[in-house]
Amino acid sequence: GNHHFDARTRPWFKAAVASQGAGWYPAYRYAIDDEAGTYDAMGMGMSAPLVDAQQRFIGVVTADVALSQLNVLLADITQDMGGVIFLAERDGHLLASSTKEPVYRLTGSGGDRISAPSSSNAVIQAAGKAMREQGQPRGRAFREVDGERHLIDWWTHQLPDGPSITIGVVMPQSRFAAPSEGL
């Protein structure tokens, strides 16, 4: 859809050329100009340079996932559990969440990423602040959000050839306390 598209200017292409191997590239705004606006979003993924039999560079192969699709996946996972799941980069910027609040804002030709402590979702915001306070790649904390006590659990996973991703899970205490009290 974009008549002026040049793959050599895209983050995935630049990452493959710079790394000389397979690797992840950071979240970026798509440069697809479709009438429906389907691809007016951000994504991330992996790319690698392609070489011919003489080891001469001939192009780049890439695999990408839209952050909005990660949101859908997390929402499906949490549909029946009554909690919240989110993915964040090491610096706290959100990649995806199971909630409807945005993890980025599109601006001009780019995008502004939202950090967990700055999220408009009170539960994610509390989790982001707890993670920042503890400053550890793995942890657990209880926080009061909107009059209800929540358990926040997080751990960081190092992606092979890529970034560290923090997975945060937040559950209202009532969801796990009531069954155990009944027992």
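Remember, it's a predicted structure, so these values are computed and weren't measured experimentally. Starting from 1, each residue takes its place in the sequence as its number. Computed from heavy atoms alone, side chains included, the values below leave out hydrogens, waters and symmetry copies.
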For [X] against [Y], the heavy-atom pair lying closest together:
X: R29; Y: M42; value: CA-CG, 3.9 Å
X: G82; Y: P172; value: O-CD, 3.3 Å
X: Y104; Y: I114; value: N-CD1, 3.8 Å
X: S98; Y: G83; value: OG-O, 4.2 Å
X: Q125; Y: S118; value: NE2-C, 4.4 Å
X: Q134; Y: G139; value: OE1-CA, 4.2 Å

[Y] and [X], any side-chain heavy atoms less than 4.5 Å apart:
X: Y28; Y: D64; value: yes
X: T62; Y: R10; value: no
X: R143; Y: K129; value: no
X: P11; Y: S47; value: no

Next on the checklist: Taking L74's backbone N and O only, do any of them form a donor-acceptor pair with T78's side chain (distance below 3.5 Å, no angle check)?
Outcome noted: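 Confirmed, T78 side chain pairs with L74 backbone.
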
Separation of [Y] [atom2] from [X] [atom1] (nearest 0.5 Å):
X: E144; Y: H150; atom1: CD; atom2: NE2; answer: 9.0 Å
X: L106; Y: Y30; atom1: CG; atom2: OH; answer: 11.5 Å
X: S115; Y: L94; atom1: OG; atom2: CG; answer: 7.0 Å
X: L95; Y: L70; atom1: CG; atom2: CG; answer: 7.5 Å
X: Q173; Y: L151; atom1: CD; atom2: CG; answer: 8.0 Å
X: T99; Y: N71; atom1: OG1; atom2: CG; answer: 7.5 Å

Checklist entry - Between F5 and W12, what is the ring plane arrangement, given parallel below 30°, perpendicular above 60°, and tilted in between? => result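 Because their plane-to-plane angle is under 30°, the rings of F5 and W12 count as parallel.
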
Item to check | For F142, ring pair (Phe, Tyr, Trp, His ring centres under 6.0 Å) partners two or more places apart | outcome: none

Checklist entry - Passes side-chain contact (heavy atoms from CB on, under 4.5 Å), N121 versus S97? Steps please. => result CA-CA 10 Å; N121 181 286; S97 81; over 6 Å; no

Does [X] share a hydrophobic cluster with [Y], counting links as ILVMFWY side-chain heavy atoms below 4.5 Å and allowing steps through other members?
X: I77; Y: I152; answer: yes
X: F13; Y: L50; answer: no
X: M46; Y: V61; answer: no

[X]: side chain to side chain contact (heavy atoms under 4.5 Å, CB included) partners, not counting sequence neighbours:
X: L159; answer: W24, H157, P163, I165
X: R138; answer: W155
X: A122; answer: V145, D146
X: T166; answer: M131, W154, T156

Next on the checklist: Show every salt bridge (charged side-chain N to carboxylate O under 4.0 Å, His left out) that has at least one partner inside residues 90-99, sequence neighbours left out.
Outcome noted: none

